Amino acid sequence: MDKINIAIDGPAGAGKSTVAKKVADYLRYIYIDTGAMYRALTWKAIQEKLDLNSDEQLSKRLHQMKIDLQPSPQGQKVFVDGEEVTDQIRQRDVTNQVSTVATHYKVREGMLLLQRELAENKGIVMDGRDIATHVLPDAEVKIFLSASIEMRAKRRFLEFQAKGVEHDLEQLKKEISLRDQQDSEREIAPLRKAPDAIEIDSSNLSIDEVVEKILQMVNESKKRSN
Ligand code: C5P
């Protein structure tokens, strides 16, 4: 059966990456975490002390760097110019500054080209903020995954706890809300539900229940096109 593209957007901590990975594994598709690409650029920019408010500096750097996303049994690994940065890009300084980097026009244009190239052969599950609205508006299945702020902060809190990192729940809630606000209010490709995307509120659903819903949508889409 022909492969399709699946776009999953939504705010921070809604469970996009966990769900997208599972859907991709099940279908034997490739998972692409576009947030990791913005994080990789932010990490590099912090390392090199670039001006995070300068679209010129950041987009120029993006053109000169190579970001690789590689699947592995432990999850997706991220490389920048051959150096593994999987853990570094999840650190707090990157997390709290990535939305500033993601506001810039030329940066987003560069990312969009890279992301479209990755998806051109179909068989992709791509998650992010603007996938259904800008990057892959022709994706056959479009999902907007949401969850309450309480639930999203709690999930992040538990993820950190599992890694042995202590975080304050209220502080996490504040940081997630701020990032959502920046992502939804930016001028270029803000976080929005595409008009033809299906919203799934994951607040009271298990990961497997969300995955199941998406797989049903994939089946329906394939039936429609046959
Ligand atoms: O998905 P994740 O939380 O790792 O994304 C990190 C940040 O990257 C987001 O908060 C957002 O600022 C930016 N991003 C974006 N567009 C995407 C994916 C991520 O602006 N498609």
Side-chain angles (χ1 to χ4, degrees), residues 5-21 23-24 31-46 52-53 55 58-59 62 67 69 75-78 80 85-119 124-137 139 142-147 149 151-153 155-157 159-160 163 167 172-194 197 202:
N5 280 339
I6 303 168
I8 306 181
D9 292 300
K16 297 185 300 293
S17 63
T18 313
V19 162
K21 246 180 264 162
V23 170
Y31 165 53
I32 296 168
D33 174 357
T34 62
M37 298 170 76
Y38 284 95
R39 284 171 181 272
L41 173 62
T42 305
W43 174 79
K44 195 74 187 174
I46 294 171
L52 301 189
N53 292 307
D55 194 7
L58 296 167
S59 55
L62 176 63
I67 303 172
L69 305 176
Q76 181 189 250
K77 290 189 173 179
V78 183
V80 170
V85 296
T86 312
D87 293 333
Q88 290 88 322
I89 64 163
R90 304 283 157 200
Q91 282 165 5
R92 215 165 185 179
D93 57 340
V94 174
T95 301
N96 289 338
Q97 296 184 86
V98 60
S99 291
T100 302
V101 169
T103 53
H104 300 300
Y105 176 77
K106 285 189 192 161
V107 166
R108 299 204 70 86
E109 200 178 46
M111 291 290 186
L112 181 132
L113 292 177
L114 291 173
Q115 291 157 3
R116 282 198 182 149
E117 210 174 283
L118 289 168
I124 297 295
V125 185
M126 190 176 278
D127 80 353
R129 303 294 187 287
D130 62 340
I131 309 306
T133 51
H134 286 86
V135 181
L136 304 177
K142 299 177 185 173
I143 290 128
F144 190 84
L145 192 61
S146 60
I149 178 72
M151 201 51 102
R152 293 187 285 124
R155 284 181 190 153
R156 276 286 141 91
F157 178 80
E159 272 169 28
F160 280 121
K163 287 184 193 160
H167 267 311
L172 271 180
K173 218 188 269 183
K174 268 191 216 146
E175 289 176 5
I176 292 176
S177 301
L178 182 66
R179 195 143 65 93
D180 285 352
Q181 191 186 356
Q182 271 187 289
D183 290 344
S184 318
E185 290 179 359
R186 70 173 170 235
E187 234 165 88
I188 307 138
L191 168 66
R192 289 260 189 292
K193 175 185 165 303
S202 72

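Just follow the structure's listing: the first ligand is 1, and inside any ligand the first atom is 1. Just so it is clear, the structure is predicted and the values come from calculations on it, not from any experiment.
- No donor-acceptor pair closer than 3.5 Å links the side chain of Asp180 to the backbone N or O of Pro11.
- With Asp33 contributing its side chain and Ser17 its backbone, the two residues share no donor-acceptor pair below 3.5 Å.
- Of all atoms in ligand 1, numbered sequentially from 1 with element shown, those under 4.0 Å from a heavy atom of Asp183 are 9 (C), 10 (O), 11 (C), 12 (O).
- Set against the non-hydrogen atoms of Ser99, the atoms of ligand 1 under 4.0 Å away are 10 (O), 12 (O).
- Residue contact check for ligand 1: Arg186 places a non-hydrogen atom closer than 4.0 Å to it.
- For atom 21 (N) of ligand 1, the nearest protein heavy atom (residue, atom name, distance) is Asp130 OD1, 2.8 Å.
- Under the 3.5 Å distance criterion, the side-chain polar atoms of Lys16 are matched with a main-chain donor or acceptor of Gly10.
- For atom 19 (C) of ligand 1, the closest non-hydrogen atom on the protein side is Gly35 CA, 3.5 Å.
- Judged purely by atom type and a 3.5 angstrom limit, Asn5 uses its side chain to pair as donor or acceptor with the backbone of Ile124.
- Those atoms of ligand 1 that come under 4.0 Å of a heavy atom in Val98, given as number and element, are 6 (C), 7 (C), 8 (O).
- The distance from ligand 1 to the heavy atoms of Ala102 drops below 4.0 Å at these ligand atoms: 12 (O), 13 (C), 20 (O).
- Scanning the protein heavy atoms around atom 17 (C) of ligand 1, the nearest turns out to be Arg129 N, 3.3 Å.
- Contact atoms of ligand 1 toward Gly128: 17 (C), 18 (C), 21 (N) (distance under 4.0 Å to a heavy atom of the residue).
- Between Gln97 and Leu52, the shortest heavy-atom contact is OE1-CD1, 3.1 Å.
- At a heavy-atom cutoff of 4.0 Å, ligand 1 is contacted by the side chain of Arg90 but not by its backbone.
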Applying side-chain contact (heavy atoms from CB on, under 4.5 Å), run through Met126 and Arg116 and close with a yes or a no. CA-CA 10 Å; Met126 190 176 278; Arg116 282 198 182 149; over 6 Å; no
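- Nearest-heavy-atom check against atom 18 (C) of ligand 1 across Ile89, Thr34, Leu178 picks out Thr34.
- Remark: distances from the non-hydrogen atoms of Arg108 to ligand 1 include one below 4.0 Å.
- Salt-bridge formation is not detected for the pair Glu109/Lys106: no Lys NZ or Arg NE/NH1/NH2 atom is positioned less than 4.0 Å from an Asp or Glu carboxylate oxygen.
- Counting heavy atoms under 4.0 Å from ligand 1, residue Arg179 touches it through the side chain alone.
- For Arg92 and Glu175, the salt-bridge test passes: some basic side-chain N is under 4.0 Å from an acidic carboxylate O.
- Of the protein's non-hydrogen atoms, Tyr38 CD1, 3.6 Å is the one closest to atom 14 (N) of ligand 1.
- Looking at Ala12 against ligand 1, nothing comes within 4.0 Å, counting heavy atoms.
- Of the residues Arg155, Met151, Arg152, the one that meets the side chain to side chain contact (heavy atoms under 4.5 Å, CB included) test with Ser202 is Arg155.
- Ion pairing of Arg90 with Asp87 is absent here, as no side-chain N (NZ or NE/NH1/NH2) approaches a carboxylate O to less than 4.0 Å.
- The proximity of Arg39 to ligand 1, defined as any non-hydrogen pair under 4.0 Å, is limited to the side chain.
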